[in-house]
Student: 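Mind looking over this structure? Questions follow.
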Amino acid sequence: MTERYNVVVIGAGPAGYTAAIRAAQLGLKTACVDDWRNAGREPVPGGTCLNAGCIPSKTLLESSELYAHARERAAARGVQLAAPVLDLAAMMAHKDKVVGELARGIAALFKANGVAWLPGRGRLLRARQVEVAGHDGAVTALAADNVILACGSAPVELKDAPLTGDLIVDSAGALAFAAVPRRLGVIGAGVIGLELGSVWRRLGSEVVLLEAQEQFLTMADEQVAGEALRQFAAQGLDIRLGARVLGCEADAASVTVRYQDRTGAHTERFDRLVVAVGRRPATQGLAAEEAGLLLDEWGLIHVDEQCRTNLPGVYAVGDAVRGPMLAHKGMAEGAMAAELCAGRAARVNYAAIPAVIYTRPEIAWVGKTGQELKRAGVDHRAGVFPFAASGRARVADAAAGFVKVLADAATDRVLGVHMIGPQCSELIASAALAMEFGAAGADLALTMFPHPTLSEALSEAALALEGRAIHAAPAKRKP
Ligand code: NAD
């Protein structure tokens with residue numbers, strides 16, 4: 001028998017669970033299908049972000065930072081501690097507890113909103129029919145007025161560094177090491193490489209990152225990327241740019257990596273190797289041939305600005321469609337798709353998607369980078385305020401980095417905000433809000449920020465657009 005729904009969502013990650021909850025809030029009879037199972041083989045919602053990405057990595061980043069702070073910096077602030085002892089098992093148990101609680105939270109939200117959660121593998125058939133292969137082997141047939149595809153992404157694998165499950169791992173494996181590797185290799189110095197490299201560096205590993213590109217963090221503003229490279233090097237992260245991996249050999253306890261850079265061929269031996277070279281859409285097997293779903297050559301589902309696929313009534317959101325692979329972008333798309341299913345108007349502002357790298361210092365941005373504006377020939381001004389001039393950053397002994405505001409030279413409209421420094425993951429929200437409201441640099445400069453806070457750096461950077469930051473000497477002062 002076929003079960004009928006107004007909306008069937010395939011995938012219960014941030015994009016999918018947001019779509020399902022919002023659709024149910026709008027009075028639509030909604031089911032959400034997901035086949036993720038945790039280490040105990042129980043079905044859990046939350047997808048990669050909650051179970052093997054954002055949440056576990058942030059838990060380990062917070063915990064490892066606490067350890068590094070106690071070990072390296074507390075004494076200078078007048079807190080003498082006996083040498084802190086790392087209990088990695090307890091740190092991992094805390095992470096698993098947080099993940100478990102949050103997954104149960106999503107399941108509870110499904111229940112409270114009346115979303116039918118159907119554990120199993122969903123597959124789109126023709127005419128908005130969905131087949132669910134349950135974990136018990138039973139197959140359920142669903143039919144829906146609308147289907148929202150939110151199948152997420154999976155790590156890209158490298159043929160020159162095939163995963164072994166213990167020595168050569170992907171990001172999920174690197175969130176669950178049972179011991180601190182003495183020497184950790186990471187292929188890819190992108191977001192995941194830097195975050196996971198930071199965790200294990202703080203816990204005592206010697207960390208080497210092999211990055212294929214000659215330039216560091218190409219998606220960030222160049223000035224921010226330059227500062228980040230300096231800060232990470234000072235922390236002992238050994239980042240080797242222009243490094244092309246040629247092959248890996250694993251023995252019982254270590255991995256030898258061969259790579260080439262501008263200076264020639266090299267080999268390095270590591271206790272563990274993490275492959276973090278990007279993610280690809282997890283669309284394989286998502287739709288039957290008969291469904292006629294259009295994918296591009298990378299497996300991304302083809303969608304328009306409002307996440308409509310080529311099939312009537314079928315939407316696709318999150319990592320499986322164009323745009324940055326970020327949980328909050330997927331959530332915004334999921335909510336938009338649900339609204340559209342309910343016949344309401346909805347849009348996502350793709351020009352104001354914040355991005356964050358949760359290292360120390362944190363890196364965050366929204367809008368265009370300086371180099372993007374330059375390439376597009378947009379005449380703009382930059383206002384920069386260093387955290388060294390922020391009282392609150394000094395108080396926290398975290399004065400490295402800066403905030404940079406980019407504004408249109410003619411209209412003063414804010415085109416981008418870039419930050420590296422303490423709590424930038426939180427500070428960037430004000431900049432996203434400013435851009436969402438189409439703020440000018442002068443609007444930010446006129447807004448009153450509480451003193452002493454880190455957030456003042458944003459208004460000071462906006463003042464610096466006019467050469468009139470109060471707490472930092474400008475190159476040229478205007479009246
Ligand atoms: P990424 O694109 O950020 O970085 C991958 C890096 O690997 C790039 O710098 C690339 O040049 C390099 N690379 C690719 N092939 C290589 C090779 N053969 N040898 C050496 N280097 C190579 O991808 P990621 O770090 O894997 O993250 C995947 C996705 O997940 C990204 O879209 C990211 O935005 C998202 N993510 C976001 C967060 C966050 O928001 N804080 C955290 C983790 C992941």
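Both ligands and their constituent atoms are indexed starting at 1 by order of listing.
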Student: Can I get a per-line list of side-chain donor-acceptor pairs under 3.5 Å for residues 42-52, giving both atom names and the distance, sequence neighbours left out?
Tutor:
{"from": "E42", "atom 1": "OE1", "to": "N38", "atom 2": "ND2", "distance (Å)": "2.8"}
{"from": "N51", "atom 1": "ND2", "to": "P45", "atom 2": "O", "distance (Å)": "3.2"}
{"from": "N51", "atom 1": "ND2", "to": "G47", "atom 2": "O", "distance (Å)": "2.9"}

Student: With sequence neighbours excluded, tell me which residues meet side chain to side chain contact (heavy atoms under 4.5 Å, CB included) with M92.
Tutor: L60, L88, K95, W200
Student: In plain terms, say whether R269 and D251 are close enough for a salt bridge, that is, a side-chain N and a carboxylate O under 4.0 Å apart.
Tutor: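 Between D251 and R269 there is a salt bridge, with a charged N closer than 4.0 Å to a carboxylate O.
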Student: List ligand 1's nitrogen or oxygen atoms that come under 3.5 Å of a protein nitrogen or oxygen, with the partner atom and distance.
Tutor:
{"from": "ligand 1", "atom 1": "3 (O)", "to": "V191", "atom 2": "N", "distance (Å)": "3.1"}
{"from": "ligand 1", "atom 1": "9 (O)", "to": "E211", "atom 2": "OE1", "distance (Å)": "2.6"}
{"from": "ligand 1", "atom 1": "9 (O)", "to": "E211", "atom 2": "OE2", "distance (Å)": "3.2"}
{"from": "ligand 1", "atom 1": "11 (O)", "to": "E211", "atom 2": "OE2", "distance (Å)": "2.6"}
{"from": "ligand 1", "atom 1": "11 (O)", "to": "Q213", "atom 2": "NE2", "distance (Å)": "3.2"}
{"from": "ligand 1", "atom 1": "21 (N)", "to": "A212", "atom 2": "N", "distance (Å)": "3.1"}
{"from": "ligand 1", "atom 1": "25 (O)", "to": "V191", "atom 2": "N", "distance (Å)": "3.2"}
{"from": "ligand 1", "atom 1": "25 (O)", "to": "I192", "atom 2": "N", "distance (Å)": "2.8"}
{"from": "ligand 1", "atom 1": "26 (O)", "to": "G278", "atom 2": "N", "distance (Å)": "2.8"}
{"from": "ligand 1", "atom 1": "40 (O)", "to": "V356", "atom 2": "O", "distance (Å)": "3.4"}
{"from": "ligand 1", "atom 1": "41 (N)", "to": "E195", "atom 2": "OE2", "distance (Å)": "2.9"}
{"from": "ligand 1", "atom 1": "41 (N)", "to": "V356", "atom 2": "O", "distance (Å)": "2.8"}

Student: Residues two or more places apart in sequence or in another chain: which of them pass ring pair (Phe, Tyr, Trp, His ring centres under 6.0 Å) with H94?
Tutor: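 For H94 there are no ring pair (Phe, Tyr, Trp, His ring centres under 6.0 Å) partners, ignoring immediate neighbours.
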Student: Between R240 and E268 (salt bridge meaning N to carboxylate O under 4.0 Å), is one present in this structure?
Tutor: yes
Student: Under a 4.0 Å threshold between the charged nitrogen and the carboxylate oxygen, would E62 count as salt-bridged to K58?
Tutor: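 Salt bridge flag = no for E62 with K58.
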